[in-house]
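To start, the structure under review is shown below, and the notes come after it.
Every chain is numbered from 1 and lettered A, B, ... according to where its sequence line falls, protein lines coming before strand lines. On a predicted model such as this, the values are computed, not experimentally measured, just so you know.
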There are 2 protein chains.
Amino acid sequence: MGAGRTARDKARAELTREIKDEARRQLATDGAHQLSLRAVARSLGMVSSALYRYFPSRDELVTALIIDAYNALGDAVDQADRGATPGERWRNSCTAVREWALAHRHEYALIYGSPIPGYQAPQDTVGPGTRVPLTLLGIAAAGDPPDGPVPDGLRAQLDALAGVVPPGLPAGALARVVLAWTQLFGMVGFELFGQLVGSVDPAEEFFGFAVDQMAEYVGIA
Amino acid sequence: MGAGRTARDKARAELTREIKDEARRQLATDGAHQLSLRAVARSLGMVSSALYRYFPSRDELVTALIIDAYNALGDAVDQADRGATPGERWRNSCTAVREWALAHRHEYALIYGSPIPGYQAPQDTVGPGTRVPLTLLGIAAAGDPPDGPVPDGLRAQLDALAGVVPPGLPAGALARVVLAWTQLFGMVGFELFGQLVGSVDPAEEFFGFAVDQMAEYVGIA
DNA sequence: CAAATTCGAGAGCACTGCTCTTGACCGACG
DNA sequence: CGTCGGTCAAGAGCAGTGCTCTCGAATTTG
């Protein structure tokens, strides 16, 4: 079971990729609920039992798709995180989240909707899942972060968090960015899942407004 | 097919309720994904095909559960919406959302997670789904709502919304409450789905902080 | 009382995830 | 170079699913 040396290993790596690609294709069109191992195998011209040599269960395949989705979103945001001012960077990054979500609805639903496999997210997904909030934190650190008052219990959690997370933000600013983070994804999720229909949907205008408001809130001009 | 007159109609109404109750029980323990018509029927001592006399499909059963969940959450919030000041009412209502969500994880995931049946939420669910935001709007109206500047396109949407929604809030205040609404549910969803694990989980402290911040933001002392 | 409607039960279809066995193929080791 | 162990795809099969259809029995309606 070495790295990609022998022909067999190469073939295995390629097939693993092809399976994921086909699964992602079916996910994009039919949704995670409809994703079927047998249909993926059929589409690849093999029999369903052969697929189990590459993924031990359907949930493992879905988990692989989840990790890929987190990374795809992370890449999209990283690529959008450009601009002369922190404000531009913030707006561009937030917009990238929304646009990626709109362009990959089912993948977004997979990672930010109800967790389908089991109660807890697999450990492998937490790393890639932290990329976007870390980017937001970095942008906020480049601004003028305000350190408002924070209750003691929360302050302890935030201090512990500040020790793990790169940018040296004070607890108050950290709390504000976390709040903005939850707002951003709450808003995007609401738009995607039809919760805004009777109110501010189409949500583009409201999205821009909210992003600006939160930028101001976290101390970005 | 009259109202509950004959013995048959009574039995039908009762069985419909029993089916929903059993389905909700299985939903609570196993999650929406695992909810099985056949298991529900089995648990009720009948055969699966008999169940189709009461719900034409699994999705229709789930839709009924969704409506009930919206109403249960709405009831919980309505009951919690008490307090001497708008600030108390706001805090109590927001806390009721979180506590209901934590006590009914799978039901919450059903209504605020990825929509399982089809792309669009059935029309019957939008009414009950507006109860919580309407409550929040009412509380904000009892405070001192600030009318900040709002971009033109959004202003048009908000003015249209203001004509439909009871409390006479100016557009700027309306926008702020919508933002707070998305933040609240984004935060609760994040906590429930494990997104806050490496940062501010357990989230009780952060939740209180965010609720207070948003109260201030919508003009509640 | 008779006719019409509603109902539960059962069989059956197409599908799912997953397991196990059977041969074929490949790669390393003597 | 040959053998031998590991890897692989294929197929059958199991238990489960949503859903449809048919068939008697029960009940409401005329």
Side-chain angles (χ1 to χ4, degrees), chain A residues 1-20 22-27 29-66 106 110 115-118 122, chain B residues 1-20 22-23 25-27 29-66 110 115-118 122:
Chain A
M1 183 82 67
R5 297 262 291 297
T6 77
R8 208 165 219 171
D9 288 343
K10 266 195 174 300
R12 179 178 182 85
E14 170 128 353
L15 236 183
T16 306
R17 237 206 21 177
E18 278 181 31
I19 292 171
K20 278 204 296 183
E22 178 58 33
R24 186 164 23 246
R25 215 168 296 136
Q26 296 198 10
L27 167 65
T29 62
D30 302 332
H33 184 62
Q34 302 286 342
L35 181 58
S36 148
L37 274 190
R38 294 181 107 111
V40 169
R42 218 177 297 130
S43 206
L44 260 50
M46 46 172 140
V47 90
S48 74
S49 61
L51 224 147
Y52 283 83
R53 301 246 170 221
Y54 300 86
F55 295 93
S57 74
R58 198 196 102 115
D59 282 1
E60 293 281 337
L61 213 200
V62 171
T63 300
L65 292 180
I66 288 176
H106 283 124
L110 189 64
I116 302 284
Chain B
M1 180 84 68
R5 298 260 292 296
T6 77
R8 208 165 221 173
D9 288 343
K10 268 196 173 300
R12 179 179 183 85
E14 170 129 351
L15 236 183
T16 304
R17 237 205 20 177
E18 279 180 30
I19 292 171
K20 278 204 296 184
E22 178 58 33
R25 215 169 296 137
Q26 297 199 8
L27 167 65
T29 62
D30 303 332
H33 184 64
Q34 303 284 344
L35 180 59
S36 149
L37 273 190
R38 294 181 106 112
V40 170
R42 219 178 296 131
S43 207
L44 260 51
M46 46 173 141
V47 89
S48 75
S49 62
L51 223 148
Y52 283 83
R53 302 251 176 220
Y54 299 86
F55 295 92
S57 75
R58 198 195 103 115
D59 281 1
E60 293 281 335
L61 212 201
V62 171
T63 300
L65 293 181
I66 288 176
L110 190 63
I116 301 285

Polar atoms only, N or O, under 3.5 Å: list the protein pairs with nucleotides 25-30 of chain C and their distances.
| residue | atom | partner | partner atom | Å |
| --- | --- | --- | --- | --- |
| C:dC25 | O2 | A:Arg8 | NH2 | 3.4 |

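In terms of polar N and O atoms assigned as donor or acceptor, the side chain of B:Arg38 never comes within less than 3.5 Å of the base of D:dG16 in a complementary pairing.
To the nearest angstrom, P of D:dC8 lies 14 Å from CD of A:Glu14. Rounded to whole Å, atom P of D:dG16 lies 13 Å from atom CD of B:Gln34. Separating the NE2 atom of B:His33 from the P atom of D:dG16 is a distance of 16 Å, rounded to the nearest angstrom. Computed from coordinates, the B:Asp9 CG to C:dT6 P distance equals 10 Å when rounded to whole Å. One atom, CZ of B:Arg53, and another, C1' of C:dC7, lie 5 Å apart when rounded to the nearest Å. Between A:Arg42 atom CZ and C:dG17 atom P the separation is 9 Å, expressed in whole Å. As rounded to whole Å, 8 Å separates atom P of D:dG18 from atom CG of B:Leu35. Per the geometry, CG belonging to B:Leu37 stands 15 Å off C1' belonging to C:dT16, to the nearest Å.
Checking D:dA9, C:dG8, C:dT16 against the side-chain heavy atoms of B:Leu15 singles out C:dG8 as nearest. Ranking D:dC19, D:dG13, C:dC20 by closeness to the A:Ser49 side chain, first place goes to C:dC20. Set against D:dA10, C:dA9, C:dC18, the side chain of B:Val47 has C:dA9 as its closest nucleotide.
Within the 4.5 Å cutoff, side-chain heavy atoms of B:Glu14 are placed close to those of B:Glu18. Counting only heavy atoms from C-beta outward, the side chains of B:Leu44 and B:Leu51 never approach each other to under 4.5 Å. Between A:Arg58 and A:Leu35, the closest side-chain pair of non-hydrogen atoms falls below 4.5 Å.
When each of A:Ala39 and A:Pro56 is assigned the nucleotide of DNA chain C bearing its nearest heavy atom, the one mapping closer to the 5' terminus is A:Ala39.
When all heavy atoms are compared, the tightest approach of B:Ala23 to B:Val40 is CA-CG2, 3.9 Å. Here the closest heavy-atom approach between residue A:His106 and residue A:Asp30 is recorded as CE1-C, 4.2 Å. Listed here is the closest heavy atom pair of A:Ala41 and A:Ser48: CB-CA, 3.7 Å. Nearest heavy-atom pair across B:Lys20 and B:Ala64 is CD-CB, 3.8 Å. Taking each heavy atom of B:Leu61 and B:Phe55 in turn, the nearest pair found is CA-CD2, 3.9 Å.
Between A:Ser36 and C:dG17, a side-chain N or O to OP1/OP2 separation shorter than 4.0 Å is present. Contact annotation: A:Arg12 side-chain N/O to D:dC8 OP1/OP2 distance is under 4.0 Å.
If you check every strand for non-hydrogen atoms under 4.0 Å, B:Tyr54 touches sugar and phosphate atoms only. Across all strands shown, B:Leu51 has no heavy atoms under 4.0 Å from either base or sugar-phosphate atoms. Using a 4.0 Å heavy-atom criterion, one finds that A:Ser48 contacts the bases of the nucleic acid, with or without backbone contacts as well.
Note: B:Glu60 CD to B:Ile66 CD1 = 10.5 Å, rounded to the nearest 0.5 Å.
Comparing the local axis fitted to the first five base pairs of the helix from C:dC1-D:dG30 to C:dG30-D:dC1 with the one fitted to its last five gives a bend of 0°, rounded to 10°.
In this structure, the side chain of B:Arg12 engages the main chain of B:Arg53 through a donor-acceptor pair within 3.5 Å.
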